[in-house]
Structure formats: C-alpha cells, structure tokens
Amino acid sequence: MTSASELRSGKTHRDENFPVASWIIHPRHRELILSFYNFVRTADDIADHAMLDAPTKLSFLDLLEAELLGRGETQAEAVNLRKALAARGMPPRHALDLLTAFRMDVTKLRYDDWDEVIHYCRYSAMPVGRFMLDVHGESTSTWPASDALCAGLQINNHLQDCGKDYRNLNRVYLPRDALDAVGAKVDELGLLKSSPALLKCLQDLAVRNDVLLGQGRPLAAEVKDFRLGLEVSVIQSFADRIVAMLKVRDPLSERVHLKPIEFMFASVGAIGSEIMRRSFGRGPVSKPAPRA
C-alpha cells in the first residue's frame with residue numbers, strides 16, 4: 001500500500017458536524033477549502049486507523065508532509081493541496097500544524113489537565129479557523145475569537161465521542177484531573193451508560209466549554225467577508241446547541257447530535273440573525289464570555 005487515499009474512512013465533508021465549503025461560502029474559495037479538507041481528513045483517518053500500528057501511521061503522516069512541501073508526487077491529497085495553496089500564494093503552515101496534532105493522536109493517549117487539552121486544540125482545531133480566515137483575507141486580529149470557537153468545537157466533539165474514542169482507540173481527551181476531582185475512572189468510558197461520577201465530570205466539562213465557546217461569539221461580527229460571517233454564525237449556532245445538550249445529557253447513552261431538521265432550523269435562524277445584525281450595524285449578538 002503506497003497511497004494514503006487507500007486508508008480513508010469514507011467520511012466526507014458532508015458528514016462533519018459543521019459546514020465545510022457550504023453553499024454559503026463564495027464559489028471561488030470552495031476548491032481550495034475542499035483540497036485542504038481532503039488533506040486533513042486523510043491525515044486524520046490515518047491517525048485513527050484501527051488496523052495500523054503507530055510507526056506505520058507516523059510514516060504516512062511524514063510522507064504527506066514531505067509531499068505537501070514539494071518532495072514527491074505520489075500522494076494525491078498532498079499534491080492537490082500544495083498546488084491549490086501555491087495558486088493563491090498561501091503557505092502550508094496551517095496544514096502542517098494539523099499534522100502535528102495527528103502525530104499527537106498517534107503517540108499521546110491521555111491528557112493531564114485542561115491546559116493540555118487546549119494545547120492539543122492549538123494544533124488540532126485552531127489552524128482550521130485560521131486557514132479559513134486567511135483564505136478570505138481577514139486580519140489576524142480575528143484569530144483569538146476564531147481559536148476559541150474552534151477549540152470549543154473540538155472539545156464538543158471530544159465529549160460527544162468520548163466512549164467511542166476510548167473503546168476503539170484507547171484515547172481519552174477528558175483531563176485526568178477532572179476525572180479525579182469527581183472520583184470517576186477512565187474505564188467507565190467503556191460502559192453503555194455513565195456512572196454518576198463520570199456524568200458529573202462530562203457535564204462539568206461541558207459547562208467549562210460553554211464559557212470557551214462564549215469567547216468565540218464575537219467572531220462573526222469581526223470578519224469583514226459577508227458570506228464568511230454567515231458561515232461563522234451557523235457554526236456558532238451548531239456549537240451552542242450541542243454544548244447545551246452536553247450539559248444535561250449522557251453522551252454514552254443519549255443522543256448529543258443535531259438531527260437534520262435541527263441543522264436546518266439552526267442554520268436558518270443563524271443566517272437571519274447575522275443578516276439583521278449586519279443590516280443594522282449592530283455589534284456582536286452575544287458578548288464574549290469570560291476566559292475559561
């Protein structure tokens with residue numbers, strides 16, 4: 001096997017918990033965004049592959065990096081992204097940051113505290129928002145709000161998939177100190193229903209993540225591009241709805257994902273609110289929450 005493409009899970013941009021190159025984004029940006037997504041999805045699937053050992057995963061990630069940087073022509077996702085970035089005069093730094101996160105996924109299975117989780121998000125989530133902002137020519141002054149939103153999205157995902165991550169990959173993103181504080185044990189993630197202690201840990205983390213997501217709420221108002229502002233509003237709405245579920249539900253035994261009809265209503269409401277805000281020149285819909 002010589003192609004990373006053969007290791008793809010089959011998941012596409014239409015299967016994500018948030019819009020990727022949706023119809024809201026201007027068509028001139030979609031090819032580049034999808035090239036970025038396909039590269040990232042391929043690398044992510046390699047890091048999560050159940051049948052590969054760690055050295056093989058790392059070798060494939062190294063190969064993707066080498067070809068992204070111009071050293072080879074065998075990996076389609078890397079070559080396509082390299083060419084798409086070159087056509088726009090953009091460096092590959094955000095994709096390289098994401099490769100750092102995927103290497104962490106291969107080699108690091110536990111996190112001691114919240115700060116370690118945020119450090120992981122610095123490489124696993126924040127580069128995605130920064131890439132989108134760069135594609136649209138936005139100022140780096142928008143990065144702090146984007147970083148908070150992207151990290152919040154990532155932690156939502158960690159909480160939603162905590163059982164699956166443990167069972168399938170022995171990977172736990174819940175901080176050790178948060179588990180210890182309530183007397184919960186890691187192996188409880190393998191149960192079909194959370195123990196009272198584990199449920200408290202998960203819901204406490206959701207509350208903390210809601211504060212982090214609050215720091216991202218000004219982002220839609222900070223970006224200048226109209227279409228990107230709408231997209232950010234939709235993503236923020238999804239994130240807020242999911243964290244609200246996580247604060248009261250058990251992700252091991254209850255649904256903590258939006259149904260298609262809920263996606264639709266959340267999207268329409270967020271778009272309408274952002275259009276009204278921009279039309280009347282108001283500030284951000286929600287004030288930023290205090291730092292988590």
Side-chain angles (χ1 to χ4, degrees), residues 1-49 57-105 121-143 146-147 149-150 153-154 219 223-232 234-235:
M1 184 180 294
T2 59
S3 173
S5 300
E6 298 175 58
L7 301 172
R8 287 283 294 265
S9 65
K11 188 174 183 179
T12 74
H13 65 284
R14 294 185 177 88
D15 302 313
E16 299 293 346
N17 288 331
F18 51 86
V20 178
S22 75
W23 61 269
I24 301 173
I25 295 296
H26 197 286
R28 70 175 179 270
H29 298 312
R30 288 182 193 149
E31 182 178 357
L32 172 56
I33 293 169
L34 287 175
S35 294
F36 184 83
Y37 173 82
N38 284 325
F39 177 86
V40 172
R41 170 47 53 201
T42 301
D44 195 8
D45 286 346
I46 288 169
D48 289 350
H49 202 288
K57 291 180 180 183
L58 293 173
S59 68
F60 269 108
L61 294 175
D62 289 345
L63 179 59
L64 287 172
E65 177 174 316
E67 299 211 359
L68 178 62
L69 295 175
R71 300 191 296 271
E73 300 283 334
T74 66
Q75 307 301 312
E77 288 84 357
V79 173
N80 291 341
L81 178 57
R82 185 180 77 217
K83 292 178 178 178
L85 290 170
R88 296 284 286 267
M90 293 178 61
R93 60 177 173 172
H94 302 308
L96 295 174
D97 278 349
L98 285 157
L99 288 176
T100 297
F102 300 138
R103 291 186 179 102
M104 291 174 67
D105 280 335
C121 292
R122 162 63 184 86
Y123 294 97
S124 69
M126 296 178 192
V128 177
R130 295 179 181 189
F131 168 77
M132 288 294 293
L133 293 166
D134 283 358
V135 167
H136 288 82
E138 298 290 341
S139 168
T140 56
S141 66
T142 59
W143 282 14
S146 174
D147 288 351
L149 174 57
C150 290
L153 286 165
Q154 178 74 87
L219 179 60
V223 301
K224 295 179 180 179
D225 186 273
F226 175 71
R227 286 174 177 254
L228 181 59
L230 297 183
E231 182 98 330
V232 168
V234 169
I235 291 171

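Model, not experiment: these values are computed from the prediction.
Residues Leu219 and Ser146 come closest through the heavy atom pair CD2-CA, 3.7 Å. Taking each heavy atom of Pro127 and Cys121 in turn, the nearest pair found is CD-O, 4.2 Å. Closest non-hydrogen pair, Ala43 versus Leu99, comes out as CB-CD2, 3.8 Å. Heavy-atom minimum distance, Arg88 versus Val135: NH2-O, 3.1 Å. In plain terms, the two heavy atoms of Leu32 and Ala84 that are nearest each other are CD1-CB, 3.7 Å.
Counting heavy atoms from C-beta outward, Pro92 and Leu69 have side chains that approach closer than 4.5 Å. When side chains are defined from C-beta on, Arg122 does not count as touching Asp147, because their heavy atoms never get closer than 4.5 Å.
Shown here are the salt bridge (charged side-chain N to carboxylate O under 4.0 Å, His left out) partners of Arg93, two or more places apart in sequence or in another chain: Asp134. For Ala47, the side chain to side chain contact (heavy atoms under 4.5 Å, CB included) partners at least two apart in sequence or on another chain are Phe102, Asp105, Val106. Residues satisfying the side-chain hydrogen bond (donor to acceptor under 3.5 Å, both in side chains) test with Asp225, not counting sequence neighbours, are none. Phe131 meets the ring-ring contact (aromatic ring centres under 6.0 Å, His included) test with Phe36; sequence neighbours excluded. Under the ring-ring contact (aromatic ring centres under 6.0 Å, His included) criterion, Phe39 pairs with no residue at all, not counting sequence neighbours. In this structure His49 satisfies the ring-ring contact (aromatic ring centres under 6.0 Å, His included) test with no other residue, sequence neighbours excluded. Not counting sequence neighbours, the partners of Ser124 by the side-chain hydrogen bond (donor to acceptor under 3.5 Å, both in side chains) test are Gln154. Scored by the side-chain hydrogen bond (donor to acceptor under 3.5 Å, both in side chains) test, Glu138 finds no partners at all (sequence neighbours excluded). Arg103 is linked by a side-chain hydrogen bond (donor to acceptor under 3.5 Å, both in side chains) to Asp62, Glu65, counting only residues two or more places apart in sequence or in another chain.
Note: Ile24 CD1 to Phe226 CZ = 9.5 Å, rounded to the nearest 0.5 Å. Rounded to the nearest 0.5 Å, atoms CG (Leu85) and NE2 (His94) are 9.5 Å apart. Interatomic distance, His29 NE2 to Leu34 CG, rounded to the nearest 0.5 Å: 13.0 Å.
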Exercise for review: Could you walk me through whether Glu231 and Arg227 pass side-chain contact (heavy atoms from CB on, under 4.5 Å), step by step?
Suggested key: CA-CA 6 Å; Glu231 182 98 330; Arg227 286 174 177 254; over 6 Å; no
Exercise for review: For side-chain contact (heavy atoms from CB on, under 4.5 Å), just list the numbers for Ile33 and Ile25, CA-CA rounded to whole Å, side-chain angles, deciding distance to a tenth of an Å, and then say yes or no.
Suggested key: CA-CA 10 Å; Ile33 293 169; Ile25 295 296; 3.8 Å; yes
Practice item. Please lay out, stage by stage, how Leu98 and Asp44 fare under the test side-chain contact (heavy atoms from CB on, under 4.5 Å). Key: CA-CA 9 Å; Leu98 285 157; Asp44 195 8; over 6 Å; no
Review point. What's the verdict on side-chain contact (heavy atoms from CB on, under 4.5 Å) for Leu228 and Leu133, showing C-alpha distance, side-chain angles and the deciding distance?
Key: CA-CA 8 Å; Leu228 181 59; Leu133 293 166; 4.0 Å; yes
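Just one of Asp45, Val40, Ile46 meets the side chain to side chain contact (heavy atoms under 4.5 Å, CB included) condition when paired with Thr42; it is Ile46.
Of the possible polar contacts, one joining the Glu67 side chain to the Thr74 backbone as a donor-acceptor pair under 3.5 Å is found.
Identified under the salt bridge (charged side-chain N to carboxylate O under 4.0 Å, His left out) test for residues 69-85, with sequence neighbours left out: Arg8-Glu77, Glu73-Arg82.
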